[in-house]
Amino acid sequence: MTEWSRRVFDAAREVVTTEVVDPSLRELVLLGLDSFASRLQSDASYHFIHLPLGIHAAVAKSAAPAIPLAAMLTMIFAGFDIVDDLADGDAPEAWRNYSAAERQLAASALFCMLPQLSMLKLDAAGEVRNAMQRELASSMITIAAGQLDDVRSESLSLSRQALESIIAGKTAEQPALYARLAARLAGATEQRVELAGELGRAIGFAAQIASDLFEVMRAGDARAPWGGSPNYLVTLFLEGDSRLDRGRLEAAATDVEIALQLRSEIGRSAATRLAAFEIELHCQRARRFLDAFGGSTAGRAFIVPMIEQLSVFDSARMRAFQKN
Amino acid sequence: MSRENIEHLIDRWMNDSQFRNDLRNDPEKTIQATGEELSDDEWAALRNVDWSLSDDDLLAHANMGG
């Protein structure tokens, strides 16, 4: 975890410690925050931290004033993470001794109650805070609708267009929100707020497709992507092969050998090449929106690594690969 | 270039060894020869793609991002 990320998580813990007076509820909420922090992987993927800090720095030449905003967004994302786990039936180790109801309460505090208090304390003019509050509420409704489409979908019969609609609403909307809020806080024009949103959306799409590609291909539980939440690579594969036996797909959810065979077939299919190109296309859109957004090099220093880390063809990753 | 055209490009890459070799040697010339029009973003993405990667290498690269 970088120094910036540590400062943001510390700020989020400070909010919880200060605002949640009841010790039992405070313990639950801190557990939610700390459990979330422990499960995060590469620092560059902390979009809810680096994107608002970077956008603010790009506009106002300083990232530090956006730490309270990033802390608020971290709490929201941590709350969504708990809700997502509950919807998927996942139970992280940290929550082993707690009920679903307790996890829901922690999530509610993180994505509903505490952000409202945080918003009131942001160092911004009243009308800016009002605009940010409207942006946040409206966006969270969009995200909730995307989550509803996700939980109601039949993952193995979903079209790519339907899945992209879910990604737009549920996943890509989140970094779009982070970027727009930071732009407003920094005093950007409406045009730049919109550009920030498009930049965030492109990053969100690239991140989701990259995550889905990794989920299918990673060493680990090969049964994981089958029959669970919709997966972009699996959807592309299914669209490309109408002869595929659906019974085999359903069996892959419980049979490791079938799951490994399918993974091998997908890895060598056009779907994987297409997914890698789609990731690159969204990365390129993000680069274009970032150039159009403009601003300080301090801001770009946060955002460029975020984009490049998503590209399958990133030069740093290529060099590391060749070194190994 | 529409999504459908990108899919045709990828399919052709998978099934036509001559097209694959041409694309690896000179991606821009090969795509231009197809007569398809690409957006600026698509051209930029195309230039960033390493067409020389084998299936195994591509998957290894994808796994490094996890």
Side-chain angles (χ1 to χ4, degrees), chain A residues 41-42 44-45 160-161 164 202 206-207 209-220 233 236 239-240 263-289 291 308-322 324, chain B:
Chain A
Q41 298 184 17
S42 71
S45 66
R160 184 179 49 200
Q161 287 79 0
E164 286 176 350
I209 299 172
S211 173
D212 285 357
L213 177 60
F214 179 68
E215 187 185 19
V216 175
M217 293 303 162
R218 65 179 174 174
L233 177 56
L236 283 183
E239 283 204 337
R263 188 166 76 180
S264 177
E265 288 172 33
I266 290 179
R268 281 153 182 74
S269 73
T272 298
R273 295 273 167 185
L274 188 55
F277 182 83
E278 289 280 348
I279 293 167
E280 192 58 40
L281 186 57
H282 287 293
C283 286
Q284 177 52 35
R285 288 184 179 133
R287 294 180 194 110
R288 176 166 59 80
F289 284 123
D291 287 343
E308 301 313 325
Q309 183 255 352
L310 291 168
S311 169
V312 174
F313 308 102
D314 170 46
S315 56
R317 193 187 302 187
M318 300 275 268
R319 284 195 299 274
F321 177 75
Q322 284 156 6
N324 292 333
Chain B
M1 181 182 270
S2 71
R3 170 65 61 74
E4 202 173 87
N5 290 342
I6 294 174
E7 290 176 12
H8 289 161
L9 173 67
I10 299 293
D11 279 342
R12 199 169 164 193
W13 190 93
M14 295 291 295
N15 299 308
D16 183 341
S17 58
Q18 184 59 55
F19 182 79
R20 189 160 59 241
N21 286 338
D22 291 343
L23 196 61
R24 280 175 170 157
N25 289 328
D26 193 337
E28 290 195 42
K29 185 180 171 184
T30 304
I31 299 297
Q32 282 169 353
T34 67
E36 303 291 354
E37 291 187 6
L38 275 70
S39 68
D40 291 344
D41 284 341
E42 285 160 345
W43 269 119
L46 203 77
R47 290 184 189 106
N48 281 344
V49 169
D50 184 347
W51 297 99
S52 69
L53 289 179
S54 67
D55 290 341
D56 288 338
D57 286 350
L58 179 64
L59 294 175
H61 275 258
N63 273 325
M64 287 181 75

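Sequence lines set the chain letters: A, B, ... in the order given, protein chains first and strands last, and positions in each chain run from 1. Excluded from the calculations below are hydrogen atoms, water molecules and symmetry mates; all remaining heavy atoms, backbone and side chain alike, are included.
Scanning all heavy atoms of the two residues, the minimum distance from B:Met14 to A:Arg268 falls at CE-O, 3.0 Å. Heavy-atom minimum distance, B:Glu42 versus A:Phe277: O-CZ, 4.1 Å. Minimum heavy-atom separation, B:Ala44 to A:Gln284: CB-CD, 3.2 Å.
B:Asp50 CG to A:Glu280 CD: the interatomic distance, rounded to the nearest 0.5 Å, is 10.5 Å. Between B:Ile10 atom CD1 and A:Thr272 atom OG1 the span is 10.5 Å, to the nearest 0.5 Å.
In this structure, the portion of A:Arg288 lying under 4.5 Å from any heavy atom of chain B is its side chain and not its backbone.
Interface check for chain B: of the options A:Ala210, A:Ala271, A:Ala275, A:Ser269, the most heavy-atom pairs under 4.5 Å are formed by A:Ser269.
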